[in-house]
Amino acid sequence: MNESVNFIRQIIDRDLASGKHTGTVTRFPPEPNGYLHIGHAKSICLNFGIARDYGGRCNLRFDDTNPEKESEEYTRSIEQDVRWLGFRWDELRFASDYFESLYQYAEELIRRGKAYVDSQDAESIRLSRGTLTQPGRESPHRDRDPEENLELFRRMRAGEFGDGEHVLRARIDMASSNINMRDPVIYRIRHVSHHRTGDAWCIYPMYDYTHCISDALEGITHSLCTLEFEDHRPLYDWVLDQLDVPCHPQQIEFARLNVEYTVVSKRRLNQLVSDGHVDGWDDPRLPTLSGLRRRGYTPAAIRDFCDRIGVTKKDAMVEMGVLENSARQDLDAHAPRAMAVLDPLKVVIENYPEGDGELLDAANHPKDPSQGTRQLPFSRELWIEREDFMEDPPKKFFRLAPGSEVRLRYAYLVTCTGVLHDADGNVTELRCRYDPLSRGGSAPDGRKVKGTIHWVSAAHGVGAELRLYDRLFLVPDPAAASDFLAQLNPDSRRVITDAWVEPSLAPAAPDQNYQFERQGYFVADPDSRPERPVFNRTATLRDSWGEQKK
RNA sequence: UGGGGUGUAGCCAAGUGGUAAGGCACCGGAUUUUGAUUCCGGCAUUCCCAGGUUCGAAUCCUGGCACCCCAGCCA
């Protein structure tokens with residue numbers, strides 16, 4: 001395993017060793033304006049992982065300072081997703097819990113001459129902010145005295161003004177080369193009700209002002225966020241330096257996660273969902289946690305993925321293969337095996353007595369005896385995979401062909417004795433003879449049979465729907481395209497409606513993972529019914545034969 | 001063109017002046033009642049480039065280059 005420690009943990013190690021801190025307190029601070037995705041999983045694993053490994057604490061804190069975009073639906077899904085991923089927060093907090101304290105701190109800032117009410121409109125403020133290369137101009141209201149500011153700010157709170165009439169600004173430096181320091185707005189008037197505080201407030205604090213104080217109030221030691229907030233750190237520190245807060249957390253920035261062939265931005269995810277390009281936030285093609293869950297990714301696989309990708313300050317684009325590998329590794333170890341035929345071809349065992357049948361033992365997991373066995377019904381007519389037969393096979397084709405012998409997994413050795421065709425020459429049915437002495441699949445005389453194929457008894461199989469997924473986008477970095485929607489993969493979902501699965505699969509409960517032998521990992525979909533099971537393919541098995549054919 | 005960051009293999013990522021970890025991918029080979037898994041072996045004479053310091057540099061210095069972020073009353 002990777003024994004090296006990321007740069008954030010190195011900082012923590014140093015802080016603990018130097019006595020700066022005696023323990024860690026972190027937090028995962030989502031805004032409840034969308035569903036969690038794989039990028040959030042990285043942050044969750046980082047913050048909660050630190051609490052776990054250092055014996056520290058980690059809060060779940062909603063950054064709910066913008067009532068226009070946030071809702072309770074999102075807070076519910078976020079709580080659920082964090083728990084599903086396997087983490088438990090020490091305390092559940094909301095930035096809105098601190099609105100009163102935040103307000104009092106703002107008055108203090110005003111009294112200290114560090115904030116003022118600006119009565120310019122948004123456009124004027126924007127124009128006077130300057131540009132990347134030119135300094136801004138000071139507001140005509142910048143030197144209002146504290147008394148006047150205080151009165152105005154109180155009247156803002158009291159609801160005496162309309163949206164946008166005034167704002168509260170930090171009084172810092174309009175000539176700063178860091179635009180965030182050019183007297184940033186810290187309070188705005190919004191006459192909208194908040195999903196938690198209702199109509200108690202009509203002024204709402206801005207992120208930069210809220211986040212640092214919230215961290216301080218919670219005693220956060222290390223405030224971890226993504227790279228785009230690096231420029232905001234001077235402001236984070238400035239606010240805390242002006243006030244008598246309980247502590248001064250250290251903000252540390254790390255690179256957000258990008259994964260090839262998908263998008264990880266709330267805006268784009270939202271667009272995919274609301275424009276109907278996918279079937280909802282839990283569409284199995286989406287990198288949302290709910291989508292990944294429906295796709296069959298396990299919490300352990302996602303946590304493992306987050307461990308593997310590391311934490312750095314370098315903009316990184318991770319290959320899908322890493323995520324898939326994490327899933328395969330977890331699923332290979334834990335998912336019970338079963339047999340399913342995706343593209344059925346009928347086989348009739350000519351020398352198997354008509355009307356006869358028997359039950360054969362099969363291991364639920366060949367490498368994990370504790371998973372037990374199940375019984376597979378076998379009979380004269382079977383379904384096998386169409387691609388497991390070739391009339392004119394190339395050399396090293398280990399499967400079925402006229403005259404060749406193959407093993408039916410856990411059943412018998414069979415030899416192909418005949419091929420039936422339709423008028424167009426398509427293969428419609430195979431005739432085979434079985435070796436009655438090979439019950440279970442081993443040759444009585446020790447003869448070598450290289451190929452083993454899967455099968456489902458035609459008389460006992462259950463018709464199922466299988467949904468096969470491919471990457472959602474055709475290009476590795478769709479977000480870089482001018483129109484990311486134009487990069488959508490039209491074949492990202494293929495639905496098979498005429499698959500056959502073994503009868504034990506019929507009652508599969510949603511979220512139950514399986515490995516369909518030789519085919520891949522599948523998970524039962526919430527749409528699944530005993531009379532009509534539905535499975536989503538999580539990932540294929542690696543296929544060195546398939547790759548060889550290309 | 002102001003400020004803040006980042007450059008180590010195809011993709012991630014260790015490395016913190018002593019001679020390039022690990023994972024994914026890829027390529028061999030062994031085992032196999034899943035062409036899966038597992039196992040074993042291979043995979044950077046070189047760290048964005050150019051100079052310099054040093055017995056010794058991915059690590060220090062100087063100068064370039066490339067890429068990312070910032071001008072919401074979003075977070």
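Please read these numbers as outputs of a predicted model, since none were measured by experiment.
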Interatomic spacing from CZ in A:Arg93 to OH in A:Tyr98 - rounded to 0.5 Å: 4.0 Å
Touch class at under 4.0 angstrom, heavy-atom based, for A:Arg190 against every strand present: base
A:Arg196 to A:Phe94 six-membered ring, cation-pi geometry met (6.0 Å, 45°): yes
Sugar-phosphate only, base, or nothing, as touched by A:Asp121 at under 4.0 Å among non-hydrogen atoms: base
Proximity to RNA chain B (any heavy atom under 4.0 Å), residues of residues 325-332 of chain A only: A:Asn325, A:Asp332
Any N/O donor-acceptor pair, A:Gln519 side-chain to B:U34 base, under 3.5 Å: no
Pairing residues for A:Cys432 by the side chain to side chain contact (heavy atoms under 4.5 Å, CB included) criterion, not counting sequence neighbours: A:Val347, A:Ile349, A:Leu400, A:Val414, A:Cys416
Contact list (N/O, under 3.5 angstrom) for nucleotides 67-70 of chain B vs protein:
residue: B:C68; atom: O2'; partner: A:Asp315; partner atom: OD2; Å: 3.2

Charged N-O contact under 4.0 Å between A:Arg303 and A:Asp307: no
Sugar-phosphate, base or nothing in reach of A:Thr210, heavy atoms under 4.0 Å: nothing
Nearest-angstrom distance from the residue atom CG of A:Asp388 to C1' of B:U33: 14 Å
Presence of salt bridge, A:Arg439 and A:Glu358, under 4.0 angstrom: yes
A:Gln134 (side chain) and B:G2 (base): donor-acceptor pair under 3.5 Å: no
Residue-phosphate contact under 4.0 Å: A:Lys314 side-chain N/O, B:U8 OP1/OP2: yes
Touch class at under 4.0 angstrom, heavy-atom based, for A:Arg409 against every strand present: base
Sugar-phosphate, base or nothing in reach of A:Arg337, heavy atoms under 4.0 Å: base
